Amino acid sequence: MPATVSVPDSLSSLLRRFRSCFTAPGYEVFTAMFTGFILRPVERTVCGMLTGAGLAGIWHHSRAHRFFSGTRWDVQQVGLILATLVVEILLGPNAAIMLAIDETLTRRRGPRVFAASWWHDGSAAGAAKIGYGNSWVVLAIVVTVPFCRRPIALPILFALCVKGGRSKPDLGRDLLDQVAEAFPSRTIHLVGDAAYGAGHFAGLGHHMSITTRARSNAVFHHPTPAASGKRGRPRLRGERIGTPTDIANHATKNNTWTDTLINRYGTTITAQTCEITALWFGVWRTDPVRVILVKDSHRKATARKGYDIAIVTTDMTATAAEIVARYASRWSIEVCFHDGKNITGVGETQNRAEKAVQRSVPFTFMAQTITVLWYTINATPEKQIADRRRNAPWYTTKTDPSTTDMLYALRDTLTTHRINAATPGHATPEQNANQQVSPQRVAS
């Protein structure tokens, strides 16, 4: 086996964009770890990626571990280059950048794992919704690709949470500012859940907006009134409007609900909406916001609330339907987390040292993003879907490739590339090993 990893031109053209982030030896290990991550279907630990790359026994395993714990490279620099690739490949020249932000927990055990603690985990079983491990704030670019009806979230920037340290909204604002500095001429729309309706996102620039969900006890006020001319400090907010429930009751009383066509989750529905322009003074001070209430006839709106969801946005120009669809696209980052933990193996590395912990999860998330970029440029989704439906005819409604399909397509390309001119008939077992078959089964 060679002492280096050879990748096809279709992939190396993408990986070379990250060359400036690494030293020459570091870039060699980066390429090997990425290749091993894709080729290894199970146990994507550091040694597992080394095995997937076909370098186990050729490189000492410490070389792979040092890539995460000691090699000179910066996660944020790699993430910003990855963001540039996403914008260049998947967005138009003047298209706005849609960002989604959320936190996720990668479960770990052990007292020596850096920053591991008890954190909120929305996917945890039971009512407590907590888990032990590393909590990450993740910023992703939400894109719509031609071969998929649903939006896709592509993770680009990451911040590790530390107990007693900075809050998650504070970390998220830093990530947002990095993207804004990298793309100063682009319009940026950020979407997040209610946890990011926080004062850290007040005072965004004129080309930036945030859309989030209002808590049920949020209180809104009329915009800042004109100066009265009287002595004393001028008022910063107008009269109290009330909570979202008050707004819904007022809309019902005055019959101001409007039927609106909304495109969300790949389908179009008709829902009732109403909106007001107000101040969310307790959160964003004097920044004007729009409050959009949505009442979906397909769901049961509670009689107490009178609405299904209250959306708050600082975007003063988009239509109500666009704002609701924008908030619905936030769900793509939840799908990204699910696919990362259950398909692509995010969080399976067992690092404990500080720098290794700070790098391993971002590396695997970014590998997931690179896979989608490679698939968009090189794959033929129609042929792959046709083959999948022919081999699995029970998928009668399958029209879009999944994350698994994208991963398999890149894995097949890398595997085929290993069959070189020296072995035109078949690859040797070392070149094309079946990583899903245990050594005990092979021996038997």
Side-chain angles (χ1 to χ4, degrees), residues 13-14 16-18 20 76-102 138-157 172-192 196 201-212 260-266 268 275 277 287-290 292 311-333 336 366 369-379 381 400:
S13 61
L14 282 175
R16 277 197 299 267
R17 294 291 295 270
F18 303 97
S20 61
Q76 305 298 353
Q77 182 186 7
V78 176
L80 290 175
I81 292 178
L82 183 58
T84 302
L85 276 174
V86 173
V87 171
E88 289 178 358
I89 295 172
L90 299 178
L91 298 182
N94 300 312
I97 300 176
M98 176 80 69
L99 299 173
I101 191 167
D102 204 355
V138 180
L139 187 69
I141 299 180
V142 180
V143 298
T144 302
V145 291
F147 52 81
C148 200
R149 291 172 296 175
R150 62 179 177 87
I152 299 176
L154 304 177
I156 54 168
L157 292 177
R173 178 61 190 265
D174 272 2
L175 299 182
L176 175 63
D177 288 343
Q178 290 182 48
V179 175
E181 292 173 5
F183 303 97
S185 62
R186 293 270 186 164
T187 299
I188 297 175
H189 299 303
L190 176 69
V191 61
Y196 295 90
F201 293 94
L204 297 179
H206 68 279
H207 66 291
M208 300 170 64
S209 72
I210 179 171
T211 301
T212 185
T260 306
L261 284 176
I262 298 172
N263 187 355
R264 63 180 186 183
Y265 311 128
T268 301
E275 71 169 277
T277 300
D287 292 349
V289 301
R290 293 164 62 197
I292 301 174
I311 300 173
V312 183
T313 182
T314 59
D315 187 341
M316 309 303 290
T317 59
T319 65
E322 291 172 340
I323 295 299
V324 176
R326 184 181 301 170
Y327 183 77
S329 68
R330 188 202 70 82
W331 189 252
S332 61
I333 197 170
C336 169
M366 289 189 288
T369 298
I370 294 172
T371 301
V372 176
L373 291 177
W374 176 89
Y375 187 89
T376 304
I377 299 172
N378 300 282
D400 299 345

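Every value quoted in this text rests on a predicted model; they were computed, and no experiment measured them. Residue numbers count from 1 along this sequence.
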Donor-acceptor pair, [X] side chain versus [Y] backbone, under 3.5 Å?
X: Asp287; Y: Gly203; value: yes
X: Arg330; Y: Ile101; value: no
X: Arg326; Y: His189; value: no
X: Thr84; Y: Leu80; value: yes
X: Arg150; Y: Ser332; value: no

Would you give the length of the straight line joining atom [atom1] of [X] to atom [atom2] of [Y], rounded to the nearest 0.5 angstrom?
X: Leu14; Y: Asn378; atom1: CG; atom2: CG; answer: 7.0 Å
X: Leu176; Y: Ile210; atom1: CG; atom2: CD1; answer: 7.5 Å
X: Phe201; Y: Asp177; atom1: CZ; atom2: CG; answer: 8.5 Å
X: Ile141; Y: Leu91; atom1: CD1; atom2: CG; answer: 6.5 Å
X: Leu154; Y: Thr369; atom1: CG; atom2: OG1; answer: 5.0 Å
X: Ile152; Y: Phe147; atom1: CD1; atom2: CZ; answer: 5.5 Å

Within 6.0 Å of CH2 in Trp374, more than 12 heavy atoms from elsewhere: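 More than 12 heavy atoms, drawn from other residues, nucleotides or ligands, come within 6.0 Å of this atom.
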Could you work out, with salt bridge (Lys or Arg N to Asp or Glu O under 4.0 Å) as the rule, every residue matching Glu322, not counting sequence neighbours?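 Counting only residues at least two positions away or on another chain, Glu322 forms no salt bridge (Lys or Arg N to Asp or Glu O under 4.0 Å).
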By salt bridge (Lys or Arg N to Asp or Glu O under 4.0 Å) - contacts of Arg290 (at least two apart):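 With sequence neighbours excluded, Arg290 shows a salt bridge (Lys or Arg N to Asp or Glu O under 4.0 Å) to Glu275, given in chain and number order.
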Please determine whether side-chain contact (heavy atoms from CB on, under 4.5 Å) holds for the pair Leu373 and Val86, giving the CA-CA distance in whole Å, both sets of side-chain angles, and the decisive distance to 0.1 Å. CA-CA 7 Å; Leu373 291 177; Val86 173; 4.1 Å; yes
List the atom of [X], the atom of [Y], and the distance in Å for their closest heavy-atom pair.
X: Ala83; Y: Ile156; answer: CB-CD1, 3.7 Å
X: Pro381; Y: Ala379; answer: CD-O, 3.4 Å
X: Arg186; Y: His207; answer: O-CD2, 2.8 Å
X: Ala202; Y: Arg173; answer: O-NH1, 3.2 Å
X: Ile333; Y: Ala140; answer: CD1-CB, 4.1 Å
X: Ser20; Y: Ile81; answer: OG-CD1, 3.9 Å

Do [X] and [Y] make a side-chain contact, defined as non-hydrogen atoms from C-beta onward lying under 4.5 Å apart?
X: Ile188; Y: Val179; result: yes
X: Thr277; Y: Met316; result: yes
X: Leu90; Y: Val145; result: yes

Please step through side-chain contact (heavy atoms from CB on, under 4.5 Å) for the pair Leu85 and Phe18, ending with a clear verdict. CA-CA 10 Å; Leu85 276 174; Phe18 303 97; 3.7 Å; yes
Can you list the residues that meet the side-chain contact (heavy atoms from CB on, under 4.5 Å) rule with Thr144, with sequence neighbours excluded?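 Residues passing side-chain contact (heavy atoms from CB on, under 4.5 Å) with Thr144: Pro151.
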Start with the C-alpha distance between Ile323 and Ile311, add both sets of side-chain angles, then the distance that settles side-chain contact (heavy atoms from CB on, under 4.5 Å), and finish with yes or no. CA-CA 8 Å; Ile323 295 299; Ile311 300 173; 3.9 Å; yes
List the steps and the verdict of side-chain contact (heavy atoms from CB on, under 4.5 Å) for Ile262 and Thr268. CA-CA 5 Å; Ile262 298 172; Thr268 301; over 6 Å; no
What residue among Thr313, Ile97, Leu139, Thr212 forms side-chain contact (heavy atoms from CB on, under 4.5 Å) with Leu190?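 Between Leu190 and the candidates, side-chain contact (heavy atoms from CB on, under 4.5 Å) is satisfied uniquely by Leu139.
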